[in-house]
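Encoded as structure tokens, the structure appears first; notes follow it.
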Amino acid sequence: MKTVFVVGAGPAGLFAAQKIAQAGHETIVFNRDIKPGGLAEYGIYPTKDKMKVGLRKQFAKVLSLPNLHYFGYVPVSSRSAVSVPELREWGPSAVVFSVGAQGTKKLGLPGEEARGVYAAKDFVYHYNLLPPFPSLDFSTGKRVAIIGMGNVMVDIARWLLLDAPVKTAEEVIVVGRRGPFEAKFDLKEFIYIEPFLDRAGFDDELQRIRPQLTAVGQDIGKLADETFPVLKKPAQDIGERRLRFRFLSSPQQIHAGARGRIERLTLVENVLFEREGNIGCKATEKTEDLDVDTMIFAIGDVADPALGLPYHRDAYVTNPDATDPKRAAYEIFDPQNGNVVDGMYAVGWARKASDGLVGIARHDGEVGAAHVLKYLETAPESGNVCIEQIRQRLECKGLRVIDKADLELLARAEEKMARAKGVAWFKFDNDEAMLQAIEAEKQAAIQTA
Ligand SMILES: Cc1cc2nc3c(=O)[nH]c(=O)nc-3n(C[C@H](O)[C@H](O)[C@H](O)COP(=O)(O)OP(=O)(O)OC[C@H]3O[C@@H](n4cnc5c(N)ncnc54)[C@H](O)[C@@H]3O)c2cc1C
């Protein structure tokens, strides 16, 4: 038996941990957040209750394995109390990094620091109640530009137009650097926001870009069969909130008003080109300004450089030895000495940022775990890793370590709150409230015992 550390309890980390623990190894999961689940808990759209409840059940099953230990509320990073080198000093045979993609993709635009300009991940964390984001300013105005044409854009537009408790947005303008055929969202997701589509405005936009599409052999007549089936339906009256698209455009500059909040966005117009069957785009000299008071970048995320792993071009460096395709790059690689870092692995969105749905993250975690298990066959025995000693070390650093029993108490407290409020579910939106609820449940259990 060996000991393996898994850093990050999203789908990739938990399913990797499950495989490793089921193979009989002592497995310790460290997680930044109090609750496990990562984006399954704090990214997936709030009203997808059935999916979230199903995933929580699966995660609870993983956590019920007796040789799998949970240390929640313990961020590992060069900026926090526990660093990667320190973790390794504690003697595990292998460490799996499944921290997701916590970095923000920056375009480096002038004015990017203006108020009202957000990264999609942060905005999504805000409405999904991941502390501390609910208590930070994510105010929205009347005209919101969302940059990007994927599922995350759809979720955010859906929130703004349909489900936000206070709906400020009168117009959501989706800005895509390429054209309507390159939209990346799933049609079953787009259905939620299509009633808001300003059809007259959409037709005008298609006419504006028609010559560009024709130049790369794209036929607007086929759009309804490909990315915008809504065009087959009769146009309906839209209410006071509308969805618009601006294609072939990239943000170039953000202009802030007197109070430091974005009030205008300069877009540069792009032209399309075709290369080896793929449609690319390049900027022209032509620009246009949009009056917007909110802007959200939904262009994918990147790995967080502060974690402390070798980092290059927005990602952790994994084994570049791609000669054998079966040896997908799960091993962390040190480009300075040209060697794989012994016993260190990355899985899920930590390995490949913003790559697909939960099922893909799960699969990636499990494939990564298979590599780890192979490595463990010949790896040296773990140092003398004692679970209680690790807990004590963490507590000596002032960390309040959340364990599996705490998670059960927290779940119980949230169920009680939901019942008391007569709602389907309830989530505490700050760490302090979660910790107090755990303590209160603990005291109540002691008194009834
Ligand atoms: C807005 C949005 C909506 C989505 N909707 C869907 C959907 O409807 N259906 C679907 O199937 N998929 C959806 N996905 C995709 C899905 O959420 C991901 O595929 C999946 O969560 C990725 O799993 P992961 O474990 O790699 O990373 P994450 O889920 O990001 O998990 C990372 C974990 O690592 C922890 N962590 C981070 N940094 C540290 C650190 N320094 N130290 C310790 N722990 C750390 C975090 O606390 C977290 O628990 C959505 C994604 C987004 C962004």
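First listed ligand is number 1; within each ligand, the first listed atom is number 1. This one's a predicted model, so the numbers in the text were calculated from it and none came from an experiment. By convention here, the first residue in the shown sequence is residue 1. The basis for the numbers below is simple: all heavy atoms, side chains too, and nothing from hydrogens, waters or symmetry mates.
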Return yes or no for this condition: an N or O of [X] is under 3.5 Å from an N or O of ligand 1.
X: Trp349; answer: yes
X: Leu39; answer: yes
X: Val347; answer: no
X: Leu357; answer: yes
X: Asp33; answer: yes
X: Gly356; answer: yes
X: Asp155; answer: no
X: Asn31; answer: yes
X: Arg32; answer: yes
X: Pro75; answer: no

Ligand 1 contact on Ala361 by region, counting heavy-atom pairs under 4.0 Å: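 The side chain, only.
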Geometric class of the Phe426/Phe428 ring pair [parallel <30°, tilted 30-60°, perpendicular >60°]: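 The arrangement is perpendicular - the two ring planes meet at more than 60°.
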Atom indices of ligand 1 within 4.0 angstrom of Gly348 heavy atoms, with elements: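 So the atoms of ligand 1 that pass are 26 (O).
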Atoms in ligand 1 flagged as close to Ala9, the criterion being non-hydrogen separation under 4.0 Å: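 Answer for ligand 1: 33 (C), 34 (O), 49 (O).
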Option among Arg242, Arg158, Arg241, Arg244 that satisfies the side chain to side chain contact (heavy atoms under 4.5 Å, CB included) test with Phe196: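 Of the listed options, the one satisfying the test is Arg241.
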Donor-acceptor pair between Tyr311 and Asp304 side chains, under 3.5 angstrom: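 The answer is no; no qualifying pair exists.
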